[in-house]
Amino acid sequence: MHKLGKRIPLDEMPPVPVYKLSHIVLRSADVGAARDWYMAVINARMVFEADDGMGCALTFDEEHHRLLIVGMPEKDVAAQRGLGTFFQQIDKRRAMSGLEHISFTYDGVGVWLANYKRCKKRGIEPVMCVNHGPVLSMYYLDPDGNSVEIQTDTMPMDQAFEFMYSDAFADNPIGAPFDPDELCARYEAGTPLREIASTGWE
Ligand SMILES: [Fe+2]
């Protein structure tokens, strides 16, 4: 028994999961390009920008900074250019262990598809679109070649867990590709959301 007001000794505290995932920090060869890209694709707002343009902080929710972009020294940018084209650099990075992608969720199929259309008008298009079952996902490459998933949930979390324990998911844990323009057309034509959610799984 501990006296009222006395703290539990740290060695006696039970382990608890971390409270939250706080932020992501990206290293960029062009901070301005990365900043503009994320402000467009996740509709983030800027909370800080370094005077020398070598870094900025963005957020889109209650967190003061969810995404930091830090610039690289010019010598590192030059060395990276020496590794080849944009896609050659990505291939080299993918041949090593590291972060695969980061994922952001839009709250609803409509706003998620509207964001796709907005980005497409700006020349930003996904490289891959997959219906994973519990989520519809579009995968983009940011200006530094990082893979970014923009998704929307298609079922409540309890149903998503149930789906992930199902035979259908065991048989196909990757999902089914879809055409985003076709999905936009179906959405605008009034196709029920449950049909849109099962795209490729019918
Ligand atoms: Fe993902």
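Both counts, for ligands and for their atoms, begin at 1 and track the order of listing. As the structure is a prediction and not an experimental result, all values here were calculated from the model. The figures that follow rest on heavy atoms only: side chains count, while hydrogens, waters and symmetry mates do not. Positions are given from 1, in the same order as the sequence printed here.
Residue Phe169 comes nearest to Phe163 through the heavy atom pair CB-O, 3.1 Å, listed as atom of the first residue, atom of the second, then distance. In terms of heavy atoms, Leu141 sits closest to Arg94 at CD2-NH2, 4.1 Å. Taking every heavy atom of both residues into account, Val31 and Cys56 meet most closely at CG1-SG, 4.1 Å. Here the shortest heavy-atom pairing between Ser28 and Ala34 reads OG-CB, 3.6 Å.
Salt-bridge annotation for Lys117 and Glu188: present, with a side-chain N of the basic residue lying under 4.0 Å from a carboxylate O of the acidic one. With respect to Arg27 and Asp76, no salt bridge is recorded, no charged nitrogen being found less than 4.0 Å from a carboxylate O.
For the Fe ion (ligand 1), the count of nearby protein N/O/S atoms, taking only those under 2.8 Å, is 2.
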